[in-house]
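Report on the following structure.
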Amino acid sequence: MKRLYSFWIILILCILSMCFVIYKNNNEYSYVFNEKGAEQYNFLDIKMLDSYSGWAIAKEGILKTDSGIKKWNNVNDNKNIKKEIKDGGLCYKFFNKDVGVLAYKKDNKIVTYKTANGGKIWRKYNLYLDNHWNKLDFDINIDIVDKENIFIILVNNSNYLEIEKCIFKSEGSIFKWTRIFPKLKDNKSEVMKYSNKFSIFTGVSYTNSKVAWYGVKTYGNQDPFIYKTEDGGENWNVQSLSIPPQYKNLKDLNINTYPPVFYKENGYLPVEYVLNKKVSLWVYKSKDGGKCWLPVLPIDMESGIELKYGLDNNGILWVLDNSGNKIYRLLNNETNVHQIWSEVNLKDKSIQFVEGSKGYTLIQNKIYFTKDKGITWESIGEK
């Protein structure tokens, strides 16, 4: 009897020492954490919130740390999630150390997972598509305002004369989803002035449950603009932007706008002016929460496909040059740009800065960090 009792004690301890799904109650999955060294994971993307807390996407699953970049917990190694990571179909967004959302398309639905306690419990929800959207090839975007207001935006870029969108919004702590049917406002002349150009969606940014922007790449357009909503995404209006004098009335000018990033009331909106394969990135700033945008500073860059930029925790804007060798930092006074020459080529790399001079990137699926604003980079194992 004692041997049988000891057997069950040992079995229970072995189970608790592993990180896997403990129970599955319909749409709820619970995980037990088992911290491992970073060298045991193959990282694909990283999102540090500060020097200690962060999330990551790895081939092994969804990772979380609250003790720095050396130790990580696998908080979701569901086989379907790992398959979507491998196939490149997983969309994800992490808001803070508690809230994270995952989404991917499967059959006639968007499968979503949400955690509100740092990955200990994930709740699964299916957002079903109508016949029209089920037949489309679309991209999934996620934005999080807080734990109760989460937006999943489906974007169809196949019709370049009209960016087709479908929005799902969560409301309340019970995580109830409602569908929003986006449309442009009824002022046909103003809408057609902008929207009948060849355009591609560049991203979306919500500042609260009502206000959001999305940017577009346009070809052959001579007026910079961005789309804005003030009702959560049902109605979108054209918000025109002032154009620097040197770009007025130029033929073959392509203008690309990107979703703004905010630090308190200060917002930064990147706008690319592309002419003869030369790119000038203008940073537009708003001091009133996005009601008015003014160009403050140009940055001459190499042309590229994807613009990588963000704000650190002190509100300093950083931009990665498309060459991968330079990092631009726009100081708070917006009078000049601090140019950093990196010893490591960061082209096509996942990169971010969090506090002061600290930043992170991934090289060959391993974490590298900088303490000097991006000049030098070290792996975790280096001294």
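These numbers come from a predicted model, not from an experiment. Just so it is clear, the values below take in all heavy atoms, side chains as well, and ignore hydrogens, waters and symmetry mates.
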For the pair Asp45 and Tyr92, evaluate side-chain contact (heavy atoms from CB on, under 4.5 Å) and give the outcome as yes or no after the intermediate values. CA-CA 10 Å; Asp45 198 6; Tyr92 46 88; 2.7 Å; yes
Mark yes or no for whether Tyr214, through its side chain, and Thr229, through its backbone, hold a donor-acceptor pair below 3.5 Å. no
Where do Met301 and Leu320 come nearest, in terms of heavy atoms and distance? CE-O, 3.5 Å
More than 12 heavy atoms of other residues, nucleotides or ligands under 6.0 Å from CG of Asp130: yes or no? yes
Flag for Ser280-Gln246: side-chain donor and acceptor within less than 3.5 Å: no
Under a 4.5 Å side-chain heavy-atom rule over Ile, Leu, Val, Met, Phe, Trp and Tyr, are Leu362 and Ile380 clustered together? yes
Do Leu346 and Trp377 make a side-chain contact, defined as non-hydrogen atoms from C-beta onward lying under 4.5 Å apart? yes
Lys109, NZ: over 12 other non-hydrogen atoms inside 6.0 angstrom: yes
Look at the side chain of Thr218 and the backbone N and O of Ile255, then say whether any donor-acceptor pair between them is shorter than 3.5 Å. yes
Aromatic ring proximity, centroids under 6.0 angstrom, Phe94 and Trp55: yes
Without swapping roles, check the side chain of Thr361 against the backbone of Ser350 for a donor-acceptor pair under 3.5 Å. yes
Would you indicate whether the side-chain heavy atoms of Val337 and Val283 approach each other to under 4.5 Å? no
Asn131 and Asn134: side-chain donor and acceptor closer than 3.5 Å? no
Using the benzene-type ring in the case of Trp, are the ring centres of Tyr227 and Trp236 under 6.0 Å apart? no
Report, as yes or no, whether the 6.0 Å neighbourhood of atom NZ on Lys105 holds more than 12 heavy atoms from other residues, nucleotides or ligands. yes
Output for pair (Lys169 NZ, Ile150 CD1), nearest 0.5 Å, gives 11.5 Å
Could you check whether atom NZ of Lys228 has more than 12 heavy atoms from other residues, nucleotides or ligands sitting under 6.0 Å from it? yes
Quick one: side-chain contact (heavy atoms from CB on, under 4.5 Å) partners of Asn276, sequence neighbours excluded? none
More than 12 foreign heavy atoms under 6.0 Å from CG of Asp137: is that the case here? no
Measure the CD1-OH distance between Ile110 and Tyr128 for me, rounded to the nearest 0.5 Å. 11.5 Å
How about Lys165 and Val204: do any of their side-chain heavy atoms sit closer than 4.5 Å? no
Nearest heavy-atom pair of Glu306 and Asn322: which atoms, and what distance? O-OD1, 3.3 Å
Within the side chain of Lys47, is there an N or O that forms a donor-acceptor pair under 3.5 Å with the backbone of Gln352? no
Check the surroundings of atom NZ in Lys349: do more than 12 heavy atoms from other residues, nucleotides or ligands lie under 6.0 Å from it? yes
Smallest heavy-atom separation, Ala103 atom then Ile152 atom, equals CB-CD1, 4.3 Å
Quick one, Lys36 and Glu60 - any side-chain contact, counting heavy atoms below 4.5 Å? no
Nearest-0.5 Å distance that lies between atom CG in Asp312 and atom NZ in Lys358: 12.5 Å
Nearest 0.5 Å, please: how far is NE2 in His338 from CG in Leu317? 14.0 Å
When rounded to the nearest 0.5 angstrom, what is the spacing between CG in Leu281 and CG in Leu297? 9.5 Å
Tyr125 side chain near Ser170 side chain, heavy-atom distance below 4.5 Å: no
So among Tyr206, Phe201, Tyr258, Phe262, which one has a ring pair (Phe, Tyr, Trp, His ring centres under 6.0 Å) with Trp213? Phe262
Is the side chain of Asn73 donor-acceptor paired with the backbone N or O of Val75 at a distance under 3.5 Å, no angle test? no
Between the main-chain N or O of Ala38 and the side-chain N or O of Lys70, is there a donor-acceptor pair closer than 3.5 Å? no
Does the side chain of Ile316 reach to within under 4.5 Å of the side chain of Tyr263, using non-hydrogen atoms? no
Whether the side chain of Glu272 engages the backbone of Leu307 through a donor-acceptor N/O pair (distance < 3.5 Å, no angle test) should be reported. no
Tell me every residue that passes ring-ring contact (aromatic ring centres under 6.0 Å, His included) with Phe43, counting only those two or more places apart in sequence or in another chain. Trp72
Check the pair Arg329, Ile340 against side-chain contact (heavy atoms from CB on, under 4.5 Å), reporting the backbone distance first and the verdict last. CA-CA 8 Å; Arg329 290 166 57 91; Ile340 305 293; 4.1 Å; yes
If you compare all heavy atoms of Phe138 against all heavy atoms of Trp133, which two are closest, and at what distance to 0.1 Å? CE2-O, 3.4 Å
Should Lys93 and Asp143 count as an ion pair when the cut-off is N to O under 4.0 Å? yes
Minimum-distance pair of heavy atoms, taken over all atoms of Val216 and Thr202: N-OG1, 3.5 Å
Please check if any side-chain donor atom of Asn314 sits under 3.5 Å from a side-chain acceptor atom of Glu355, or the reverse. no
Is there a donor-acceptor pair under 3.5 Å between the side chain of Ser286 and the backbone N or O of Asn266? no
When you look at NZ of Lys366, are more than 12 heavy atoms from neighbouring residues, nucleotides or ligands closer to it than 6.0 Å? yes
Could you give the distance from CD1 (Ile62) to CG (Asn74), rounded to the nearest 0.5 Å? 8.0 Å
For Trp318 and Lys308 the tightest heavy-atom approach is CZ3-O, 3.8 Å
Would Asn325 and Ser342 count as a side-chain hydrogen bond (donor to acceptor under 3.5 Å, both in side chains) if you check the C-alpha gap in whole Å, the side-chain angles of each, and the deciding distance to 0.1 Å? CA-CA 5 Å; Asn325 295 115; Ser342 175; over 6 Å; no
With distance as the sole test, does Thr115 use its side chain to make a donor-acceptor pair with the main-chain N or O of Gly100 at under 3.5 Å? no
Donor-acceptor pair, side chain of Ser205 and main chain of Pro260, under 3.5 angstrom: yes
Aromatic ring pairing Tyr104/Tyr113, orientation class (parallel under 30°, perpendicular over 60°, tilted between): parallel
Do the side chains of Asp321 and Tyr328 get nearer than 4.5 Å, heavy atoms only? yes
